[in-house]
2 protein chains.
Amino acid sequence: MPLQKAPRGTVMRDVAKLAGVSHQTVSRVLNEHPNVRPETRLRVLEAMRSLNYRRNLAARTLVTRRSNTLGIIGFETTLFGPASMLYGIESAAREAGYLVSIATVRNLERADVLSAVDRLAQHAVDGIIAIAPKTAVTSALMQAPTDLFCVAVGGAGDSESVPTVRMDNAEGACLATQHLLDLGHATVHHAAGPGDWPEAHERTEGWRRTLYAAGAVVPPVHPQWWDAASGYEQGRAMAADPAVTAIFCANDRIALGVLRALHEAGRKVPEEVSVVGFDDMPDSGFFLPPLTTVSQNFGELGRRSLALLLEHMNRPSDAETVDHVIVPPTLVHRASTAPPPPPR
Amino acid sequence: MPLQKAPRGTVMRDVAKLAGVSHQTVSRVLNEHPNVRPETRLRVLEAMRSLNYRRNLAARTLVTRRSNTLGIIGFETTLFGPASMLYGIESAAREAGYLVSIATVRNLERADVLSAVDRLAQHAVDGIIAIAPKTAVTSALMQAPTDLFCVAVGGAGDSESVPTVRMDNAEGACLATQHLLDLGHATVHHAAGPGDWPEAHERTEGWRRTLYAAGAVVPPVHPQWWDAASGYEQGRAMAADPAVTAIFCANDRIALGVLRALHEAGRKVPEEVSVVGFDDMPDSGFFLPPLTTVSQNFGELGRRSLALLLEHMNRPSDAETVDHVIVPPTLVHRASTAPPPPPR
DNA sequence: ATCTCAATTGTGAACGCTAACAGCCCCCAG
DNA sequence: CTGGGGGCTGTTAGCGTTCACAATTGAGAT
């Protein structure tokens, strides 16, 4: 591949010459060093502007060993949740003066994650945030070069020694389940997410524990994937069972599939069956009927994770604490839940 | 903000010493220069592996003036479309040996876009892909440093002199509208997207032209935003009008809102009113009823745009052609469309 | 008038890599 | 036996920035 060589632009030396100072003074102006006479400063700034000077960050990175770039390891970033976290991180990073580079992984195999870390490390990122719902990722992260700061966002709670920002999935599941129990439902069925994803697992566990604490029967689960098709499959089985009056879904997309299955079976929501989702996607309020759901603030999650990363980067290296920030979920009440129908 | 200085790692010189060669030979191995004796090559590779050597790309960038990084200017990247394009671009970029950095803009003001370009340029990206639905972006792109290659993806068709990859929105709108006309509907109403977005505008124009060509009445439009709430608003007005039997929506989210409005008004879909969407989001097949929609292959759009960018970068600079790649849409038939009800 | 200290500016040397050129060795032709 | 050429390797000089230190200046203290 014959690549063209970009032409050389204006550099510090050029600015220095025009302003009648040394290159070092230009550097000082650029880095806001205090000891520069205001008058000199202005002259330099003027020269920079007239030459349209732009500092070469590669050279700067070479000597400072800091690139002002952060790496993000993403998975399934087309989904609303990950995409929102990405956005939250990027916004916060920009305000902190960082650019973010993204490395998505196809699957969550250890090798894939390691190669993503490697790619980011080669490009000299200062830190890595992994949008990393499976534990393979966090454990791979620990193999990262020791001079690289990492945090994980949105995965499970049991992550070993990588700082983590995450939602309290179990608590969210509890909120949803308890809400349905409080309405008078004898028990709550569960349309689960993929069992090997910690987030799905935690939601299932939160649901199970809540039922158990209430002395309710714990129905079996048949987890599949995160999408509406999976919800439709699970929902069909539940719709066929007249004992089912309340369903807690692992996310809103699954809930959409469940709603469709119930509709096809002729079971009215919420009159006959109540449904609760998880995520509060932007359009969940426009499902038929509008979905009661557990709200996750993905943007906040992203922002928090960046804050945690920066905090770690600026902390003296002997402080070996591992933080885990947990963001609480809230329940959004809409029209898809109601008391159970009277027994006939 | 007191930042720690990362410790220094192993460099080429270390590898060279261990392998008993000069650093230049190490460099040759790394760059796959042909004239290295296989035996030497192996020794060097072995040394690199045992020292866990990782090439410093900042230094490489400094001398080659190529960072192997691409910049992406994104807008509303939490939405399914942009997020998918981003993913498509990133996948393709990885295969081509590039890392992508992302700069999102809050709004599409010229100043915002320029500052994003500037941020990317400072970080020495080799090229920029703008996910850029509004013309302000492409025109701002032309102000970019001349040594920076830019392409825009997914915006309008009338972009001036920036290479573009885009969907044929008018054609998609035509497909949808014609499908409804062919079913026997006297005319087709339109729940529009924001009129100041070229994509929305093109869809509206495609719809309008198709109706005009068929000699059908062109109903008024009241465009708002891309979300379900907007669809709900527009849908309520249409649901109240018994003459409305077919609705073409500017995207699937709007369609979701329209479906809800129709449902609340007691108008059955598709028996009384047919609805067509645009985008084919992953779960559109699980709406009530499953949505007939125009499918956009966002991933393909992303891949194509990367290919176009690379092609431009590797082209001799005297070739001043501007390419416009147009990806055709397809119509996905589902359950939300049917012939109009018999007049009563 | 001399000294001291701080503020301001300049000088040279890295940072880790690639490009350009020079040198070595060995084989084959003259 | 000598000369030339190609394969392979080493040497040197940047790339554009920051860092460490030296140099210069001027104000206030002695």
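Letters go in sequence order (proteins before strands), and every chain restarts at 1.
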Exercise. Would one find more than 12 heavy atoms of other residues, nucleotides or ligands at under 6.0 Å from atom CZ of A:Arg13?
Worked result: no

Closest to the [X] side chain: [options]?
X	options	result
B:Asn35	C:dT9, D:dG7, D:dT17	D:dG7
B:Thr64	D:dT17, C:dC17, C:dT18	C:dT18
B:Arg55	C:dG16, D:dG10, C:dT18	C:dT18
B:Val63	D:dT11, C:dC17, D:dT17	C:dC17

Exercise. Is it true that a side-chain atom of B:Ser305 and a backbone atom of B:Gly302 form a donor plus acceptor pair closer than 3.5 Å?
Worked result: yes

Problem set entry | Check: B:His33 main-chain N/O paired with B:Arg28 side-chain donor or acceptor under 3.5 Å | no

Separation of [X] atom [atom1] from [N] atom [atom2], in whole Å?
X	N	atom1	atom2	answer
A:Gln24	D:dA20	CD	P	11 Å
B:Leu30	C:dG16	CG	P	15 Å
A:Leu62	C:dA13	CG	P	18 Å
A:Arg66	D:dT18	CZ	C1'	14 Å
B:Glu32	C:dT18	CD	P	12 Å
B:Arg13	D:dT12	CZ	P	12 Å
B:Asn31	C:dA20	CG	C1'	15 Å
A:His33	D:dT17	NE2	C1'	16 Å

Between [X] and [N], is there a side-chain N or O to OP1/OP2 distance below 4.0 Å?
X	N	answer
A:Arg37	D:dT25	no
B:Arg41	D:dC8	no
A:Thr61	D:dT17	no
B:Ser27	C:dT18	yes
B:Thr25	D:dG10	yes
A:Arg65	C:dG16	yes
A:Tyr53	D:dT17	yes

Problem set entry | Check against side-chain hydrogen bond (donor to acceptor under 3.5 Å, both in side chains), A:Arg60 and A:Asn31 | CA-CA 11 Å; A:Arg60 176 176 222 249; A:Asn31 295 319; 2.9 Å; yes

Problem set entry | Heavy-atom donor-acceptor pair, B:Arg28 side-chain to D:dG10 base, under 3.5 Å | yes

Exercise. For B:Ala59 and B:Thr40, take the nucleotide of DNA chain D holding the closest heavy atom to each; which residue's nucleotide lies nearer the 5' end?
Worked result: B:Thr40

Problem set entry | Most 5' of A:Val21 and B:His23 on DNA chain C, judged by nearest nucleotide | A:Val21

Problem set entry | B:Asn56 or A:Pro38, whichever maps to the more 5' nucleotide of DNA chain C | A:Pro38

Exercise. Can B:Asp323 and B:His312 be counted as having a side-chain donor-acceptor contact under 3.5 angstrom?
Worked result: yes

For this session: Report yes if the distance between the aromatic ring centroids of A:Phe298 and A:Phe80 is under 6.0 Å, otherwise no.
Result: yes

